[in-house]
Structures are given as structure tokens and as C-alpha cells.
Amino acid sequence: MITHKETPAFIPTGIDVTQLFSPLNAATRDATLPWAAGPADASPKAIGTNAIRPKPNVEISDTELRARIGFAHHASAHFTIAFDKDRFTDKEILTLTSLLETSYSSIFYLTHEAFTDRLQVFVIDRQATGLLGRAVHSHFNVQDRALYLARSNGHSIRSNVLALLVHAMRINRYAKHYASTQGWAMMEDAFSVMLQQRIASDEDNFPFFAVEPDVIAQHVIATRTSLKPLSDVGRETTGGPSIEHIILGGAFFTFLADTYSDDRVVEFSKCTDDITDETYQIFFGATLQELETRWRDHIPASLMTLTSEERACAIQHWEKCFDLAN
């Protein structure tokens with residue numbers, strides 16, 4: 001039984017709305033509403049004051065987000081969970097708690113990394129009255145050491161749990177290296193996606209949604225022709241990679257794990273210095289550019305088990321899930 005300790009909800013003024021989103025999720029954004037098309041034979045009308053004008057959702061700081069929601073509380077062995085008492089039932093929170101604890105154990109089994117104390121988790125619903133018109137995403141706030149899990153009609157609350165927990169369970173290295181150490185941002189995001197694939201490759205999991213990573217990687221490469229190669233992104237020292245590069249990185253690291261073993265990739269992910277071509281050569285015997293070339297050459301062969309119709313169906317499913325998640 002969950003004991004409800006309510007945190008009062010109020011709407012403050014003068015809040016600093018600087019967004020503290022995790023780089024993994026800052027690349028995603030809420031889609032604006034499409035224009036409503038009238039009948040084909042409708043006469044043209046002048047745009048007046050009553051015209052519908054879509055507006056993008058407004059970013060919201062974590063401080064303001066917490067102030068807008070009335071929270072109840074629940075604790076488990078490794079998590080302190082604050083959830084919107086008006087939008088979630090006790091059964092839903094107990095199910096989520098089980099998922100969090102199971103994910104924690106699975107990540108620890110593979111990486112041998114853990115929390116020093118309970119992690120604060122905020123569970124929110126994008127459709128909550130206090131959040132309407134606000135851009136709310138699942139993310140890890142490294143400054144506050146808090147995980148935010150957001151649910152919407154088209155986005156499962158479990159989509160990013162594993163990937164975000166990977167960051168949280170190596171918080172000291174994540175905080176020190178993500179935004180300042182060469183190659184670390186791409187490696188960290190790609191590793192978290194790969195590990196999520198290994199532990200739970202189900203239909204809810206962003207960014208592949210149970211589709212074979214190489215299928216989506218080939219689709220992204222074919223449709224986003226101006227993307228920089230991973231070997232260029234791997235030399236950057238500031239900011240997180242784009243969502244396209246997170247997808248490609250996750251598929252690439254899955255290839256590395258399949259080729260060289262999960263343990264080798266796990267050890268590589270624990271590097272604390274600049275991640276350079278020399279680092280890749282030490283762990284994998286080749287530079288990042290050489291490894292990326294091998295992976296891209298490998299993609300067509302990896303897709304031979306699927307017919308063109310099966311690939312098209314898989315991509316259609318992925319695009320639908322991806323659009324709903326954003």
C-alpha cells in the first residue's frame with residue numbers, strides 16, 4: 001500500500017525557466033498542431049482574429065514543473081518516487097516501481113555501477129492541467145540528481161527508463177565528462193541506447209521501438225543525407241549529439257557489442273579521459289572512422305534476413321512510434 005504524503009500545488013511567479021533537460025532528451029521536442037484543412041470546395045477566407053494559429057509548447061524549468069503538480073510519495077529500495085496523485089493510480093506506481101528496480105538490477109549486473117543512495121524520481125503526465133501548453137519530456141537532471149518520467153497519450157512512461165538510469169548510475173563521470181570531454185557525449189548516449197537494447201528491446205523503448213537497429217540506421221542514413229559521420233561527432237567536446245546521431249550511435253555500439261562482446265563495450269564506456277582514435281584502437285583495434293566504415297559496410301548484409309516488404313513495414317511502424325513519442 002502506498003502512503004500518500006501530499007505536496008501542495010501552486011503556481012509561482014518570476015520563476016527562472018532555464019531548462020535542465022538531459023542532452024539525450026533535449027534533442028526531442030513536442031510537435032505543433034497541424035493546420036485543419038477545410039472542405040475541398042470551400043471558398044477562400046481572409047485570416048482574421050478568429051484564425052487558428054498553432055503555437056509551440058513553452059519550455060518549463062524543473063522548479064516550475066514541480067510547483068505546478070500536487071505530488072504523493074512512495075519509496076522502494078533504490079528510489080524515492082513522487083507522482084501526480086491526480087493522474088496515476090497506486091497500481092500504476094507499483095508497476096513502475098517494479099520496472100525501476102528490475103532495470104536497476106539489470107544495469108548493475110552488466111556494468112557493476114550503482115547509486116550511493118536512493119534516486120529521486122518524479123512521475124508526471126503531460127496531460128495534467130497545470131502542464132498544458134508546456135513542453136515536458138522524460139530526462140535526467142544531473143544537477144538535482146533527479147529523474148523525470150513523463151507520460152502522454154502517445155508516449156509510454158517506460159520508453160526512456162533504462163537509458164536514463166544508465167546515466168544516473170554513473171552520475172559522477174556523467175557530470176564531469178558529458179559536456180566537456182572529447183567524444184564522451186556521443187559515447188555515453190550511444191552506450192545507454194545499446195544497453196537498453198540488450199536488456200529490454202520491446203515496443204515501448206525509444207529510439208528503436210523493437211525494430212532492428214540496423215534497419216532504422218539505414219533508413220536514417222538514406223533520408224538524412226547531410227548528417228555528419230559519427231567519426232566527426234566523436235571529436236566534439238561540447239553539447240549532446242542530435243537525435244539522429246543518437247540513433248546511429250546506438251546501432252553502431254550494438255554492432256561493436258555483437259562483434260567484440262558486451263564486456264568490451266562496457267569497459268570502453270568507463271573511460272575517463274578524452275575518447276580519441278587511440279582509445280578506439282586500444283579497445284577495438286581500429287580508429288572510429290575505420291570501425292564506422294566496417295559497420296556501414298555490414299548493414300546491407302545484416303538486413304538480408306528481412307524482405308523489402310518486412311523492412312518497409314518495420315520502418316512504417318517505427319515512424320509512427322517515433323512521431324508519437326515526440
Side-chain angles (χ1 to χ4, degrees), residues 23-24 27 103 106-107 109-111 113 158-167 169-170 183-224 227-231 233-234 240-271 275 279-280 283-306 310-311 314-315 317-319 321-322 325:
L24 174 62
S103 300
S106 298
I107 295 170
Y109 176 79
L110 291 172
T111 67
E113 296 174 302
R158 59 186 291 142
S159 295
N160 302 98
V161 166
L162 275 161
L164 294 175
L165 275 182
V166 172
H167 301 324
M169 291 173 70
R170 50 173 62 196
W184 219 87
M186 190 202 80
M187 178 276 293
E188 176 69 7
D189 286 335
F191 174 72
S192 67
V193 172
M194 183 279 291
L195 208 62
Q196 178 170 263
Q197 281 294 112
R198 281 294 194 256
I199 295 172
S201 179
D202 60 45
E203 191 167 317
D204 288 330
N205 283 350
F206 181 91
F208 297 120
F209 302 103
V211 177
E212 181 66 29
D214 281 346
V215 172
I216 304 308
Q218 184 189 53
H219 176 66
V220 170
I221 291 169
T223 56
R224 278 79 160 178
L227 279 179
K228 293 188 293 185
L230 292 175
S231 53
V233 179
S242 68
I243 187 60
E244 291 87 359
H245 284 117
I246 291 171
I247 291 170
L248 295 183
F252 172 59
F253 266 53
T254 300
F255 165 77
L256 292 180
D258 289 341
T259 305
Y260 298 96
S261 82
D262 291 359
D263 289 342
R264 182 78 61 85
V265 176
V266 168
E267 289 306 311
F268 171 72
S269 77
K270 296 180 180 180
C271 291
I275 298 176
T279 315
Y280 280 93
F283 283 89
F284 307 111
T287 66
L288 174 55
Q289 185 175 11
E290 291 169 341
L291 291 167
E292 183 179 8
T293 299
R294 293 178 193 175
W295 166 60
R296 292 194 181 217
D297 290 343
H298 153 84
I299 290 177
S302 72
L303 302 183
M304 291 180 65
T305 57
L306 299 175
E310 288 172 333
R311 290 197 298 272
I315 290 170
H317 163 78
W318 175 81
E319 287 181 333
C321 292
F322 191 82

Query raised in the report: How long is the span from the CZ atom in Phe283 to the SG atom in Cys271, to the nearest 0.5 Å?
Result: 4.0 Å
Report task. Taking the six-membered ring for Trp and the full ring for Phe, Tyr or His, determine whether the centres of His298 and Phe255 are under 6.0 Å apart. Result -> yes
Query raised in the report: With a 4.5 Å heavy-atom cut-off, do Asp258 and Phe253 have their side chains touching?
Result: no
Query raised in the report: Measuring from Thr259:OG1 to Arg264:CZ, what's the distance to the nearest 0.5 Å?
Result: 11.0 Å
**Report entry** Spacing of OG1 belonging to Thr293 relative to CG belonging to Leu230, to within rounding of 0.5 Å
**Finding:** 10.5 Å
Report task. Measure the shortest side-chain to side-chain distance between Leu291 and Tyr260 over non-hydrogen atoms and say whether it is less than 4.5 angstrom. Result -> yes
Query raised in the report: So among Trp295, Phe252, Phe268, which one has a ring pair (Phe, Tyr, Trp, His ring centres under 6.0 Å) with Phe284?
Result: Phe268
Requested in this report: State, to 0.1 Å, how close Gln196 and Ala163 come at their nearest heavy-atom pair, and which atoms those are.
Outcome: OE1-N, 3.4 Å
Report summary line: Rounded to the nearest 0.5 Å, the CG atom of Leu165 sits from the OG atom of Ser103 at a distance of 6.0 Å
Query raised in the report: What are the two closest heavy atoms between Gly183 and Ile275, and how far apart are they?
Result: O-CD1, 3.9 Å
Requested in this report: Measure the spacing between CE of Met169 and CG of Leu164 and express it to the nearest 0.5 Å.
Outcome: 13.0 Å
**Report entry** Ser192 vs His167 side-chain heavy atoms within contact, under 4.5 Å
**Finding:** yes
Query - Least distance between heavy atoms, Asp214 atom then Ser302 atom - result: OD2-OG, 3.0 Å
Query raised in the report: Do the side chain of Trp318 and the main chain of Pro207 share a donor and acceptor less than 3.5 angstrom apart?
Result: yes
Query raised in the report: Which value, rounded to the nearest 0.5 Å, describes the distance between Gln218 atom CD and Leu303 atom CG?
Result: 5.0 Å
Query raised in the report: Do you know which of Gln289, Arg294, Arg296 makes side chain to side chain donor-acceptor pair (under 3.5 Å) with Glu292?
Result: Arg296
Report task. Check whether any side-chain heavy atom of Leu162 sits under 4.5 Å from a side-chain heavy atom of Val166, and report yes or no. Result -> no
Requested in this report: Report yes if some heavy atom in the side chain of Leu288 is under 4.5 Å from a heavy atom in the side chain of Tyr280; otherwise report no.
Outcome: yes
Query raised in the report: Any side-chain heavy atom of Leu227 sitting closer than 4.5 Å to one from Leu248?
Result: yes
Report task. Dump the intermediate steps for side-chain contact (heavy atoms from CB on, under 4.5 Å) on Val193 and Phe208, then the final yes or no. Result -> CA-CA 9 Å; Val193 172; Phe208 297 120; 3.5 Å; yes
Requested in this report: Check whether any side-chain heavy atom of Val211 lies under 4.5 Å from a side-chain heavy atom of Ile315, and answer yes or no.
Outcome: no
**Report entry** Nearest non-hydrogen partners of Gly250 and Met194, listed with the distance
**Finding:** O-CB, 4.3 Å
Query raised in the report: Lys228 side chain to His245 main-chain N or O, any donor-acceptor pair under 3.5 Å?
Result: no
Query raised in the report: Arg170 and Glu188: salt bridge (charged side-chain N to carboxylate O under 4.0 Å, His left out), yes or no, with the steps?
Result: CA-CA 10 Å; Arg170 50 173 62 196; Glu188 176 69 7; 3.0 Å; yes
**Report entry** Arg311 side chain reached by His219 side chain, heavy atoms, under 4.5 Å
**Finding:** no
Report summary line: For Leu110 and Ile199, the nearest pair of non-hydrogen atoms, with its separation, is CD1-CG1, 3.8 Å
